[in-house]
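We number each residue from 1, following the sequence as shown. The basis for the numbers below is simple: all heavy atoms, side chains too, and nothing from hydrogens, waters or symmetry mates. Just so you know, these numbers come straight off a predicted model, no measurement behind them.
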Amino acid sequence: MAAIPLTTHEIPTADFKARLSNNRLLGLTRLLGGFGRHYAGANFALAVGAVAKTATYLLLQYFVDEVLSQPDFGRVLPIMALCFIGLALVEGAFTAWSGRLAALTAEGVTLRLRNYLYDHIQRLTFTYHDQMRTGELIQRVTSDVDAVRRFFSEQLIGLGRILLLFTVNFAALAVLNLKLALISVICVPVVGIVSFFFFRRLEKAYERFQEQEAVVSSTLQENLTGVRVVKAFARQGYERDKFDKENWEQFRRGRRLLLMHAYYWPTTDIIVGAQTAGGYLFAALMVINGEITVGTFLAYVGLLAWMINPIRNLGRLITQLSTGMVSYERVAAVIREDREPITEGKVHPAQAARGEIVFDDVSFEYDSGAPVLHNISFRAAPGQSIALLGSTGSGKTSLVNLLPRFYEYTSGKLTLDGVDIKDLSREYLRQQIGIVEQEPFLFSRTIRENITYGVSREVSDEEVIAAAEAAAIHESIASFPEGYNTLVGERGVTLSGGQKQRVAIARVLLKNPRILILDDATSSVDMETEADIRDALERLMEDRTTFIIAHRVQSLMNADQILVLKDGRVVQHGRHADLVDQPGIYRQIYDVQARIEDELEKELAGV
């Protein structure tokens, strides 16, 4: 019997993408790779159990026809009892072992598949994640994978059990009486046709149900993520109505699915019931006519029930197989997506980047025919700071997203230290780049784990503290009862906006990248906190090529170069002193912001 894997290290690995098939049943069976012996063992044990059950009825026929007619049958009775008990023990033991092997196989395949999907989804492109809803992906990794688990633990092994029982019991009936055996299978093709009819419709109904369940999951996930906004705007009623609408649609589709099951069962019950009653009547008439013995009749009654009831369940399994096949296709659709080639690159520098970045007539579009950036050209020398200013949708974030190759530019040339970034691996580029976002994301882990998240080596406490001190967050962390072991809430909600931002800065400082991207890093905090963060950013920017996205002129006026973007084009380029003297967008923004600050200062002075 095949050994059973007991730890995750014993679970065989698999490249599921190589095992996909357009034939869903074939594709599902290919998921078994590495567990084939266990599943074969489950079916073998199932066969032994089926044979033992059938042998019980044949033994019953022998006991009634041969043993009971003997005058000294009492002497043989203990032996017959031991035979019946032995067959029952064999059936029970092998059936239990079959279920154990099938369950362990199903759980092992599920564990491996879920781990693969989790890793695979992280490696998909930003374009894919832009287009796919988070709730949809969660649905496929949880509900659909669980449907695949049930396919192996219940449906496929159940299908094998039914076919084995039918084959073994039909053979036994044929040995007892061929005429009875043939009469007993009249309903089989009828049940098969009815099951196939429902299978095609159930398959489509289940797919629509799963799609709607994903919509409900996405709605719930979005609401929980934005619960603060919901409460702040008192939109609970609106959110409830939106969820009710999607939940009602899921109810409607689920009701249709259950009604189809409800129609199926009475139909097969009538067919199977008619077959059973007709078989019993025909066998009874044969006993009356002396064509078969009473022992044969009793054995027939048991064998017929043991063969016909599984045929009824065969129809149920055929309809349930649709759920596994639909879920397999939904999972396979994710697996078919190409991963982002992280390590691929023609050039593999042995040292860190110097930080010289050149945009030479670079253009970019997310979708074919919809350009976002047009003919961008400038050079950033190592250690320089480049500021990007422009209205929302002007292309600032799209421009900096080209640097770590989150997206690929469509024309022109973009180089790092004289090498086209398309010739450098994404892994190398992202090791050289640190990003501080407007809304930094913190994981539900300790502060220390969040600070060390960007490095893959062991980090000492001294290094963590040094990074926190440089980011002006060490004193705040030290004031917490658990210090650096303080658990932050989901998305870092237990920390203030300024504290989260400075933890993110400490994380980048510890990574020590050569290139920085500051995406409006001070726009969501108060003036006092902004000053502290700006001091931390100044330390972070030393000797690093830095791209600063900002809406406040005061945040970028010290930059070595300022690029003013409009509709994806650079409309002004220079230093603050040059641009403020030129008519154009930059001076307009500067004048407006300066006037607002003057009025604010006057208002405060008059208080």
message: As a quick check of understanding, evaluate side-chain contact (heavy atoms from CB on, under 4.5 Å) for Phe547 and Asp519, giving each step before the final call.
response: CA-CA 8 Å; Phe547 286 80; Asp519 191 352; over 6 Å; no

message: Is there a ring pair (Phe, Tyr, Trp, His ring centres under 6.0 Å) between Phe441 and Phe443? Walk through the geometry before answering.
response: CA-CA 7 Å; Phe441 186 93; Phe443 294 91; 5.0 Å; yes

- request: Step by step, work out the side-chain contact (heavy atoms from CB on, under 4.5 Å) result for His474 and Tyr484.
  value: CA-CA 9 Å; His474 172 68; Tyr484 283 85; 2.7 Å; yes

query: Does the side-chain contact (heavy atoms from CB on, under 4.5 Å) test come out yes or no for Leu510 and Val459, once each step is laid out?
result: CA-CA 9 Å; Leu510 194 60; Val459 180; 3.8 Å; yes

- request: Assess whether side-chain contact (heavy atoms from CB on, under 4.5 Å) is satisfied between Thr446 and Thr486, documenting all intermediate values.
  value: CA-CA 5 Å; Thr446 65; Thr486 301; over 6 Å; no

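Salt-bridge check for Glu136 with Arg330: passed, with a basic side-chain N closer than 4.0 Å to an acidic carboxylate O. For Asp461 and Arg448, the salt-bridge test passes: some basic side-chain N is under 4.0 Å from an acidic carboxylate O. Between Arg149 and Asp146 there is a salt bridge, with a side-chain nitrogen of the basic residue lying less than 4.0 Å from a carboxylate oxygen of the acidic one. A salt bridge is defined here as a Lys NZ or Arg NE, NH1 or NH2 lying under 4.0 Å from an Asp or Glu carboxylate O, and Glu329 with Arg336 meets this definition. We find that Glu408 and Arg426 are joined by a salt bridge, their nearest charged nitrogen and carboxylate oxygen being less than 4.0 Å apart. One finds a salt bridge joining Asp338 and Lys17 here, because a Lys/Arg side-chain nitrogen approaches an Asp/Glu carboxylate oxygen to under 4.0 Å. Electrostatic pairing of Arg430 and Glu340 counts as a salt bridge here, judged by a charged N lying under 4.0 Å from a carboxylate O. Looking at Glu246 and Lys242, no side-chain N of the basic residue comes within less than 4.0 Å of a carboxylate O on the acidic one, giving no salt bridge.
Taking all atoms of both residues into account, the shortest heavy-atom contact from Val503 to Leu495 is CG2-CD1, 4.2 Å. Closest approach of Val148 and Gly324 over heavy atoms only: CG2-O, 4.5 Å. Here the shortest heavy-atom pairing between Leu32 and Arg112 reads C-NH2, 3.9 Å. Between Ala471 and Ala506, the closest heavy-atom pair is CB-N, 3.7 Å. Considering all non-hydrogen atoms of both residues, Leu399 and Leu373 come closest at CA-CD1, 3.7 Å. Minimum interatomic distance between Arg379 and Val358 (heavy atoms only, all atoms of both residues): CG-CG2, 3.7 Å.
For the residue pair Thr110 / Glu107, no side-chain donor-acceptor distance below 3.5 Å is found, with atom types taken as modelled.
One distance of note links CG of Leu416 with CD of Glu356; it measures 8.5 Å at 0.5 Å rounding. Of the inter-residue distances, the one linking Ile121 atom CD1 with Met132 atom CE reads 8.5 Å to the nearest 0.5 angstrom. Separation of atoms CG (Leu509) and CG (Leu516) is listed at 8.0 Å; rounding is to 0.5 Å. Atom-to-atom distance recorded for Lys346:NZ and Lys422:NZ is 10.5 Å, nearest 0.5 angstrom. Here the CG atom belonging to Asp361 is positioned 4.5 Å from the CG atom belonging to Asn375, to the nearest 0.5 angstrom. We find the OH-CG distance between Tyr328 and Leu20 to be 4.5 Å, quoted to the nearest 0.5 Å.
Side-chain contact between Glu344 and Ser425 is absent, with no heavy atoms from C-beta onward closer than 4.5 Å. Looking at Val145 and Tyr116, their side chains never come closer than 4.5 Å, going by heavy atoms from C-beta outward. Proximity of Glu463 to Arg457: side-chain heavy atoms (C-beta onward) are separated by under 4.5 Å at one or more points. The shortest side-chain heavy-atom distance between Leu104 and His38 does not fall under the 4.5 Å cut-off. Between Val436 and Ile517, the closest side-chain pair of non-hydrogen atoms is not below 4.5 Å. Residues Asn450 and Val488 form a side-chain contact, since some pair of their non-hydrogen atoms from C-beta on lies under 4.5 Å apart. Under the 4.5 Å side-chain criterion, counting only non-hydrogen atoms from C-beta, Tyr428 is not in contact with Val347. Contact check for Ile335 versus Leu113: side-chain heavy atoms found under the 4.5 Å cut-off.
A 6.0 Å sphere centred on CG of Asp119 holds more than 12 heavy atoms belonging to other residues, nucleotides or ligands. Annotation for Tyr128: atom OH counts as buried by contact number, over 12 foreign heavy atoms lying within 6.0 Å. Asn115 CG: more than 12 foreign heavy atoms inside a 6.0 Å radius. More than 12 heavy atoms of other residues, nucleotides or ligands lie within 6.0 Å of CD in Gln122, so this atom counts as buried by the packing criterion. More than 12 heavy atoms of other residues, nucleotides or ligands shown are found within 6.0 angstrom of CG on Asp130.
Checked by atom type and distance alone, the side chain of Arg405 pairs as donor or acceptor with a backbone atom of Leu424 at under 3.5 Å. Judged purely by atom type and a 3.5 angstrom limit, His348 uses its side chain to pair as donor or acceptor with the backbone of Gly345. Checked by atom type and distance alone, the side chain of Thr545 pairs as donor or acceptor with a backbone atom of Gly355 at under 3.5 Å. With hydrogens and angles disregarded, no donor-acceptor distance shorter than 3.5 Å links the side chain of Lys566 to the backbone of Gln572. Distance alone, capped at 3.5 Å, is enough to place a donor-acceptor pair between the Arg514 side chain and the Ala353 backbone. Side chain of Arg544 to backbone of Pro513: a donor-acceptor contact under 3.5 angstrom is found. Judged by distance alone, with hydrogens and angles left aside, the side-chain atoms of His120 form no donor-acceptor pair with the main-chain N or O of Phe16 at under 3.5 Å.
For His576 and Tyr586, the ring centers are positioned less than 6.0 Å apart.
Residue pairs meeting the ring pair (Phe, Tyr, Trp, His ring centres under 6.0 Å) criterion with at least one partner in residues 374-402, sequence neighbours excluded, are Phe359-Phe378.
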Just distance, no hydrogens or angles: give the donor-acceptor pairs under 3.5 Å from side chains in residues 385-393, sequence neighbours left out.
{"from": "Ser385", "atom 1": "OG", "to": "Asp560", "atom 2": "N", "distance (Å)": "3.1"}
{"from": "Ser385", "atom 1": "OG", "to": "Asp560", "atom 2": "OD2", "distance (Å)": "3.3"}

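A side-chain hydrogen bond (donor to acceptor under 3.5 Å, both in side chains) with Ser398 holds for exactly one of Tyr366, Tyr407, Tyr409; it is Tyr366.
At least one cation-pi condition fails for Arg569 and Phe364: the charged atom is not both under 6.0 angstrom from the six-membered ring centre and inside a 45 degree cone around its axis.
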